[in-house]
Amino acid sequence: MDVGVSAAGLVKVDRHYSKSLYDLAGEAVDDALRDSGRNSIDYLVVSTVVSRALTPQLDIASYMASHLGLRRARVLSVEAGEASGLAALQAAFHLALGGNRVLVVGVDKLSDAPSHRVYRVLKHVYYRYSDGFHAIGHAAVAGLLARMYMERYGVSREVLAAWPVQMHMHAKSNPYAMLRFAVKPESVLKAMPVAEPLTLLDSFPLGDGAAALLVEPDGGMAGISAVESAVGPLSVAVADDPLRLEAVGEAWRRAAGDGAVVDVFEVHDSYTIFGLLILEELRLAERGKAAERVAEGDFTTGGSGPLVNPSGGLKARGHPVGATGVYMAAEVAMQLSGTFPGISVPEAKRGAAVSINGHGSSAYVALFTRRG
Amino acid sequence: MAGESVNVDQWRTRIYRYRLLGGRCRECGRAFYPPLPKCPYCSSEDVEEVRLPRQGKLVSYTILYSVEEGARRESPVIVGLVDLGVARVVSEIVDAEPGTLKSGMAVEAVFRRLYEEGDEGVIVYGVKFRPAPENTS
């Protein structure tokens, strides 16, 4: 069975104070289903994370179906922390392999509460009964990995800043991105420290968003060759090497084997360090060299490597947690169909989205191919 | 866990939190924190509970500025990855000026307040680490 994406819809990531979770989901679905009927949708798969804690609602997928005019669909809700969006796509992919027409909706609202409440929720991406005993917030693990990376490989803080600089540069031409402005390396270094050596500009903005994807047999916008995942260590403390994202490597092997050449990636960069570690785990850069390669322009237009995060990444497009993986998948599908409205690779043949939760407690990889 | 009322949860985990108990796998020989019924490395069920060493080395650390409710009196918080030889733990580092910390320095376990649950909630304790005396001698 051949499965593909047949439609994608996105809402600009922003502080949508006046809109509910359902309003945002509705906008993304309307955008995706402009030309398709709703009656023939077999399944609705919903991914939302932070809203579960800030504005609790059980059986969210059923209520979402009523709001979206999809009462005839079967529903399912998927949660995998920060990787939820791609986990929802994995469920949808398998349902579509069974012949179903599946609508995936990733939606989240982070601006419905003060930021300290949002970060309190986000702390729960880490294991409650070890690291979570301590006041680690969401950023501490990223901070200590960044210091470890700099010391082990002799990489300067200035070089690490190449990641956010490039993400902001890409986001400038993505109309769906939250932060559409350039930043300079020195502003990254001078920004408010969050988890030293990382600053506010190494992390994602808190915004609301929604993305929708229609996945079905023979979906014509982009083919889906695999959606795979793997479980990682429950803490960086039990990882053999904390600077390796074992789950990313394993999910990638399961999805792509050893041979896949990919033209465009959307990867999870909740903090600068995770974007770099993912590139290294995917062997797009040698260990310790990813930041340097980014600084040299290898992963942007005209570079020697694949295009990485043309959306601006979590860093600048934004990270509406439950929606993020669905954004990534939609952006890659748009790249392959030539409909992404920002920086793009002409005639890209293969694309991939790579998502993790926290420090890599899990990883998800979706591989897409160009149609025609 | 701060900021929520999950007292039974805190009570149930108190022993290993207070005493820095971990697990050791009799099959692959590796130790780990927290104690788990199956080895996180080889999935063997043949695991025993062990007291982890209370001395170790600081592998890496960060200074965290956005500190959750219940632990804010300690703000900013230093969070470290500590290598105990047989296992590693993520823990807060206390009694230290950030400028004096170095990766590789000796640290030792100390019993401390982890967080408070508001004016009427419990105070939750556990193990943190501080620079070992040998660093200053």
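For clarity, every value in this text was computed on a predicted model and none was experimentally measured. Every chain is numbered from 1, with letters handed out A, B, ... down the list of sequences. Atom set for the values below is all heavy atoms of this structure, side chains included, hydrogens, waters and symmetry mates excluded.
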Passing option when B:Tyr115 is tested against B:Val122, B:Ile123, B:Val124 for side chain to side chain contact (heavy atoms under 4.5 Å, CB included): B:Val124
side-chain contact (heavy atoms from CB on, under 4.5 Å) evaluation trace for B:Leu21 with B:Arg51: CA-CA 5 Å; B:Leu21 299 181; B:Arg51 270 183 194 254; 3.5 Å; yes
Structural part of [X] lying under 4.5 Å from a heavy atom of chain B:
X: A:Leu198; answer: neither
X: A:Ser130; answer: both
X: A:Val238; answer: both

is_close_aromatic(B:Tyr18, B:Tyr125), centroid dist under 6.0 Å: no
Atom group of B:Arg12 that falls short of 4.5 Å from chain A, counting heavy atoms: side chain
Per-residue contact mode, B:Leu64 against chain A (heavy atom under 4.5 angstrom): both
Face-on cation placement of B:Arg24 at B:Phe32 ring, 6.0 Å and 45° thresholds: no
Based on non-hydrogen pairs under 4.5 Å, which of [options] is most in contact with chain A?
options: B:Leu81, B:Val77, B:Val59; value: B:Leu81
options: B:Leu36, B:Ile63, B:Val79, B:Val89; value: B:Ile63
options: B:Ser66, B:Ala87, B:Gly126, B:Ser91; value: B:Ser91

Among the listed options A:Ala139, A:Pro193, A:Ala142, A:Ser115, the residue most often paired with chain B at heavy-atom distances under 4.5 Å: A:Pro193
Option in A:Pro242, A:Ser235, A:Pro233 with maximal non-hydrogen atom pairs under 4.5 Å from chain B: A:Pro242
CD (A:Glu151) with more than 12 external heavy atoms under 6.0 Å: yes
A:Tyr271 and A:Phe204 aromatic ring geometry - parallel, tilted or perpendicular at 30°/60° bounds: perpendicular
Distance-only polar pair, side chains of A:Lys109 and A:His16, donor-acceptor under 3.5 Å: no
